[in-house]
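Notes follow once the structure below has been shown.
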There are 2 protein chains.
Amino acid sequence: MRAEATDWSIQEVARLAGTTSRTLRHYDDVGLVPPSRIGANGYRYYDEAALLRLQRVLLLRELGLGIPAIADVIAGQRDDREALRRQLAQLRQEQERLARQIASVERTIETLEGGEQLMAENMFDGFDHTQYREEVEREWGAEAYATSDAWWRGLGRDGQAAFREQVAALNRDWIAAAASGIDPDSHEAHALAERHVEWLGSTPGIPRTGDAPAKEYVLGLAEMYVADPRFAANYGGATGAAFVRDALAAYAANRLS
Amino acid sequence: MRAEATDWSIQEVARLAGTTSRTLRHYDDVGLVPPSRIGANGYRYYDEAALLRLQRVLLLRELGLGIPAIADVIAGQRDDREALRRQLAQLRQEQERLARQIASVERTIETLEGGEQLMAENMFDGFDHTQYREEVEREWGAEAYATSDAWWRGLGRDGQAAFREQVAALNRDWIAAAASGIDPDSHEAHALAERHVEWLGSTPGIPRTGDAPAKEYVLGLAEMYVADPRFAANYGGATGAAFVRDALAAYAANRLS
DNA sequence: GCTTGACCTTGACGCTGCGTCAACTTGTAG
DNA sequence: CTACAAGTTGACGCAGCGTCAAGGTCAAGC
């Protein structure tokens with residue numbers, strides 16, 4: 001462990017954080033926690049900002065969120081302190097859930113010792129730990145939100161099908177535009193980006209500046225499209241995704257704040 | 001929800017326990033939580049004893065144990081109350097870990113607000129939640145124990161290779177015996193079962209009666225050999241595993257307590 | 001300089017515990 | 001009978017890494 005370190009090697013971070021270098025490389029590969037620099041030797045080094053981001057990722061991971069959802073959540077949380085305060089609240093809820101679970105086990109023990117009958121209704125209190133994942137996803141992130149919440153159900157079958165078709169059409173148009181060789185700064189690309197941002201803005205729960213999706217949110221999401229092959233697949237692969245990212249970046253620079 | 005129910009359908013249990021019928025069917029398939037009865041309609045029904053077992057399984061699952069390890073742990077814990085007390089202790093440790101994690105996040109927030117430098121060494125306190133899995137596995141279960149603990153490391157490379165060869169030879173002999181069509185109650189099967197039980201007894205940490213492995217532990221393990229295809233594969237498949245189970249059961253009936 | 005062991009990289013296969021889906025049966029109410 | 005809810009079995013597929021192979025870098029010791 002280096003005294004006065006301003007950054008840390010992958011193994012140092014893995015040890016500090018109770019995780020593995022494999023996990024960290026994976027998180028880099030998918031763009032979730034990039035190292036702050038790559039040394040001349042090709043090694044990854046992580047600075048404080050990277051550690052802070054990792055802390056937040058590990059917390060959300062522990063809540064059961066998948067990687068795309070975490071990316072979405074983090075893209076939507078612009079202020080570190082505010083984000084951590086929100087996560088603190090969730091940890092406190094988790095603490096309560098655990099306390100309830102402990103109480104359940106205590107009751108089971110007492111019931112067994114008294115030779116009484118178990119009460120099925122309350123022997124699993126505190127056992128459901130998926131609620132926080134769903135809650136976090138619901139609160140942040142257009143894409144997760146669109147598929148998991150009352151708003152989605154409220155669309156009804158026809159509305160859902162229309163939404164899906166809107167997304168599919170947008171994706172097809174992005175793929176075609178990327179294949180046509182136009183510039184990400186062109187008028188056509190601009191129009192597609194506008195459609196994309198409008199689509200994002202049509203779902204509740206995403207960060208906004210005024211009526212429009214927040215610039216940083218859009219930019220962060222665009223980066224994820226490239227870094228995670230699952231997103232990139234929507235746009236025909238890495239090249240297409242890079243085109244979408246560049247077009248969105250150009251659009252955001254001019255039209256979002 | 002049926003009043004005065006003495007058993008519950010799969011969906012009722014899934015809802016009570018905050019899990020899914022898929023999970024419950026899976027646990028049945030691998031022999032971890034069998035239903036207490038199958039109705040004339042082919043439906044699974046679970047009584048109190050099954051719910052109690054499920055409670056314990058879900059707790060261990062939440063600690064991060066895999067299914068084979070959980071089976072091993074549960075096979076080794078003969079007294080429900082004692083087992084739950086042990087699990088209560090682990091939940092309390094988890095509670096402490098969570099409190100430490102919360103303190104870490106609080107420190108991070110304070111540090112960011114004070115504009116100070118983050119201390120890498122303690123910003124991840126409480127983040128490592130694998131320790132309980134390893135501890136539980138270490139404490140119970142011959143098979144997990146044999147591969148993950150100081151005892152295993154203490155064998156040295158040669159000792160480990162010999163142990164592995166002993167297991168492989170035993171498995172080969174079981175497969176051959178099953179294929180030869182001998183009776184699980186025969187003298188030959190008896191000798192193999194004796195070798196198997198001696199092998200189990202040669203590893204530390206398994207439940208014992210006197211010097212010998214405890215009967216219930218052996219019987220429980222034998223059932224798992226059949227129920228989980230991963231175990232069964234050691235014995236040439238389901239038929240071979242059933243033979244091993246029957247031979248162990250016959251041996252245990254006569255020679256273990 | 002060479003050796004050795006720790007640490008790092010990329011690439012890639014594989015695993016576990018279900019999620020999801022299809023096809024079908026059972027139960028119940030209208 | 002119909003429709004819907006609840007259940008079955010069978011089977012494919014997935015996410016997030018774990019593991020391994022092959023190779024390079026670093027640093028200490030001889």
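In what follows, chains carry the letters A, B, and so on, assigned in the order in which the sequence lines appear, proteins first and then strands, with residues in each chain numbered from 1. Predicted, not measured: the structure shown is a model, and the values here were computed from it.
Within the 4.0 Å cut-off from OP1 or OP2 of C:dT25, not a single side-chain nitrogen or oxygen of B:Tyr43 is found. In this model, the phosphate group of D:dG7 is approached by a side-chain N or O of B:Gln11 to a distance below 4.0 Å at OP1 or OP2. One finds no side-chain N or O of A:Asn41 lying less than 4.0 angstrom from the OP1 or OP2 phosphate oxygen of C:dT9. Of the side-chain N and O atoms in B:Ser9, one or more sit less than 4.0 angstrom from OP1 or OP2 of D:dG7. For B:Arg22 and C:dG17, the shortest distance from a side-chain N or O to OP1 or OP2 is not below 4.0 Å. For the OP1/OP2 pair of C:dC8 and a distance below 4.0 Å, the side-chain nitrogens and oxygens of A:Tyr45 include no atom meeting the criterion. Taking only side-chain nitrogens and oxygens, B:Thr23 comes nearer than 4.0 Å to OP1 or OP2 of C:dG19.
Rounding to whole angstrom units, CG of residue A:Leu32 and C1' of D:dG16 are separated by 12 Å. With rounding to whole Å, A:Leu60 atom CG is found 16 Å from D:dG16 atom C1'. Atoms CG (A:Asp28) and P (C:dG11) sit 12 Å apart, rounded to a whole Å. Going from atom CD of B:Glu12 over to atom P of D:dA5 covers 17 Å, rounded to whole Å. To the nearest angstrom, P of C:dG17 lies 10 Å from CG of B:Leu65. Separating the OH atom of A:Tyr46 from the C1' atom of C:dC8 is a distance of 11 Å, rounded to the nearest angstrom. At whole-Å resolution of the value, CG in A:Leu24 and P in D:dG16 are 15 Å apart. Across the protein-nucleic acid pair, A:Ile38 atom CD1 and C:dC8 atom C1' stand 11 Å apart, rounded to whole Å.
At the heavy-atom level, B:Arg25 lies under 4.0 Å from base atoms of the strands shown.
B:Gln11 has its side chain within reach of B:Ser21: a pair of non-hydrogen atoms, C-beta onward, lies under 4.5 Å apart. Between A:Ile10 and A:Tyr43 there is no side-chain heavy-atom pair separated by less than 4.5 Å. Side chains of A:Leu59 and B:Gln101 form a contact here, defined as non-hydrogen atoms less than 4.5 Å apart.
Nearest nucleotide to the B:Ile10 side chain, out of D:dG7, C:dT9, D:dT9: D:dG7.
Side chains of B:Glu12 and B:Ser9: a donor on one and an acceptor on the other come within 3.5 Å.
If you find the closest nucleotide of DNA chain D to A:Thr20 and to A:Ala40, the one lying nearer the 5' end belongs to A:Thr20.
Partners of A:Asp28 according to the side chain to side chain donor-acceptor pair (under 3.5 Å) rule, which considers only residues two or more places apart in sequence or in another chain, are A:Arg44.
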